[in-house]
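For reference, the structure discussed in these notes is given below.
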There are 2 protein chains.
Amino acid sequence: MTKKVTRRMAADRPYLPPGLATSDTRQNILVVALRLFAEHGFEGASMRDIANEVGMKAASIYSHYASKEQLLLELLRFGHEEHNRRIRSALNAAPDECIAQLSAAVRAHVRMHTDYPMLAAVSNTELHALSTEAGSPVLALRANTEAMLAEVVRKGVQSGVFQVPHEWLAVAVIGGMGLRVAHWYTPDFELDGDGISDIYVEYALRVLGVSGTRPEQRT
Amino acid sequence: MTKKVTRRMAADRPYLPPGLATSDTRQNILVVALRLFAEHGFEGASMRDIANEVGMKAASIYSHYASKEQLLLELLRFGHEEHNRRIRSALNAAPDECIAQLSAAVRAHVRMHTDYPMLAAVSNTELHALSTEAGSPVLALRANTEAMLAEVVRKGVQSGVFQVPHEWLAVAVIGGMGLRVAHWYTPDFELDGDGISDIYVEYALRVLGVSGTRPEQRT
DNA sequence: GTGTCGCTAACTAACGATCGTAAGGCAAGC
DNA sequence: GCTTGCCTTACGATCGTTAGTTAGCGACAC
């Protein structure tokens, strides 16, 4: 595995929250797997490569994880659950008013992608490597998360605060712009995650026809 | 190759322009390769699978293309060249005025992604499978295309017509939202490519603080 | 018209390599 | 003693690609 490959994302640090896995070794395996999946794709990253970087032999990984697919599934499940949790939590904590709700959702969405850029990017590029059976709960989570954002937009449009020529496309735009952050963001960007999400909230509100409104305070 | 996989994009038709390759057989190979790369990833799609679907044996592909990587490179090169060409052409044809320029660029950008959704999506997800050497011209083209959009935004901001809290993030938002179209678009969506790009132009202008301005006429 | 040559595009067979994973074994810790 | 976590060995499978062969077609010469 010494072949130099074309970079498809800016992130180079496979950040995962400490304690995600039940042991240090399992955590290391996930972290290395995430990085190699990001660099080489799921199929392009072999168990021998992952094991070598962890400092063990490939067959030993099976003491910890049942299969290669299981590694990917752990990563993608956590990624989607965390995303969903963050947005739900942000919505629950925000005032029940459409600008505040939208701001909170976008902030959470963008922050997920600045906090876990590599994980977020892999979640989008390597989904195909999951069997339909393994992937369907992940897709269901994704749909649920999207629906939360769509509901916020729908309510805002219904109340007349948001004005859009096409509601679903507004949701697609707001979701998509946040998602792409994962592909270009690195920690040495001139703004931190909070700074970026402030700006993104402003842009999302503009998309919704709320121009020049101050973004929600970030405390 | 009968394993059912999780879908990561909506497009299911590997559209490429007729005459892209120099013979029918070469064209068929590219079309099948595009679809299988999209479904299974570059490494997950084997030459035997591609050959079987074309109706020949894997070794015969080498009469037409030097390597598996060459297949991917042909696809990605065309995708990036076409994208670049369309945006350049649209900018050249539009009036030299920042709203018209931005509108033209966004329209061309979005139309590329509705005309070639599968190719566009694969261009983003499978870049890693190119060696650095093969991929660097592709990345250079990408950077050039981005720079065109960035220049349009910069000029608009400089002239005072566009007002943004962060110029580069506005470029990232506008580019990213168009790019994501490739992942959800299918031809049975309620709007066609023109309809979608009309809306996207409106949203992009809103991001830039030009609210409620009529989008450029699409003749 | 016929035969020959060269080229293209397909084939078969196989190479060297790598793959994910199973089975059996050993050592350390509790 | 049992469990865990590592090892080695190896399996069956697949991979991208090479080398050699064959058939068909078109061009050319006789």
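Labels below follow one simple rule: chain letters A, B, ... track the order of the sequence lines, proteins then strands, and each chain is numbered from 1.
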Quick one: list whatever passes salt bridge (charged side-chain N to carboxylate O under 4.0 Å, His left out) with A:Glu81, sequence neighbours left out.
none

Whole angstrom is fine here: how far is it from CD in A:Gln70 over to C1' in C:dT21?
14 Å

Going by the rule side chain to side chain contact (heavy atoms under 4.5 Å, CB included), which residues pair with B:Ala150 if we only count those two or more places apart in sequence or in a different chain?
B:Val171

Provide, to the nearest angstrom, the distance between the CG atom belonging to A:Asn52 and the P atom belonging to C:dG20.
12 Å

Atom CZ of A:Phe42 and atom P of C:dG20 are separated, to the nearest Å, by 8 Å

Look only at the side chain of A:Glu126 and the backbone of A:Ala38, and say whether a donor-acceptor pair between them is shorter than 3.5 Å.
no

Base-contact (B) and sugar-phosphate-only (S) positions in nucleotides 22-30 of chain C, heavy-atom cut-off under 4.0 Å, - elsewhere
B--------

A:Phe42 meets the ring pair (Phe, Tyr, Trp, His ring centres under 6.0 Å) criterion, sequence neighbours left out, with A:Phe37

Partners passing salt bridge (charged side-chain N to carboxylate O under 4.0 Å, His left out) against B:Arg142 (at least two apart in sequence or in another chain):
none

For A:Met47 and D:dC6, what is the distance between atoms CE and P respectively, to the nearest whole Å?
13 Å

Sorted by chain and number, sequence neighbours left out, salt bridge (charged side-chain N to carboxylate O under 4.0 Å, His left out) with A:Arg88 holds for none

Closest nucleotide of DNA chain C for B:Arg48 versus for A:Ala58: which of these residues is on the 5' side?
B:Arg48

May I have the distance from A:Ile50 (atom CD1) to C:dT21 (atom P), rounded to whole angstrom?
10 Å

Under a 4.0 Å heavy-atom cut-off, which of residues 121-131 of chain B touch DNA chain D?
none

What is the distance from CG of A:Asp24 to P of D:dT4, rounded to the nearest Å?
17 Å

Pull out every protein N or O sitting under 3.5 Å from an N or O of nucleotides 8-10 of chain C, one pair per line with the distance.
unit_1	atom_1	unit_2	atom_2	d
C:dA10	OP2	B:His64	NE2	2.3

Distance-only donor-acceptor hits, side chain of residues 110-121 of chain B, under 3.5 Å, sequence neighbours excluded:
unit_1	atom_1	unit_2	atom_2	d
B:Arg111	NE	B:Thr114	OG1	3.3
B:Arg111	NH1	B:Asp194	OD1	2.5
B:Arg111	NH2	B:Asp115	OD1	2.9
B:His113	ND1	B:His109	O	2.7
B:Thr114	OG1	B:Val110	O	3.4
B:Thr114	OG1	B:Arg111	O	3.1
B:Asp115	OD2	B:Arg86	NH1	2.9
B:Asp115	OD2	B:Arg86	NH2	3.0

When the distance from CG of B:Leu71 to C1' of D:dG16 is rounded to whole Å, what number comes out?
12 Å

Answer yes or no: is there a donor N or O on one side and an acceptor on the other, between the side chain of B:Ser197 and the main chain of B:Gly193, under 3.5 Å?
yes

Not counting sequence neighbours, which residues clear salt bridge (charged side-chain N to carboxylate O under 4.0 Å, His left out) with B:Arg7? List them please.
none

With sequence neighbours left out, the residues meeting side chain to side chain contact (heavy atoms under 4.5 Å, CB included) with B:Ala59 are none

Which residues pass the side chain to side chain contact (heavy atoms under 4.5 Å, CB included) test with A:Ala90, sequence neighbours left out?
A:Ala104, A:Ala108

Rounded interatomic separation in angstrom, taking CD1 from A:Ile61 and P from D:dG5:
14 Å

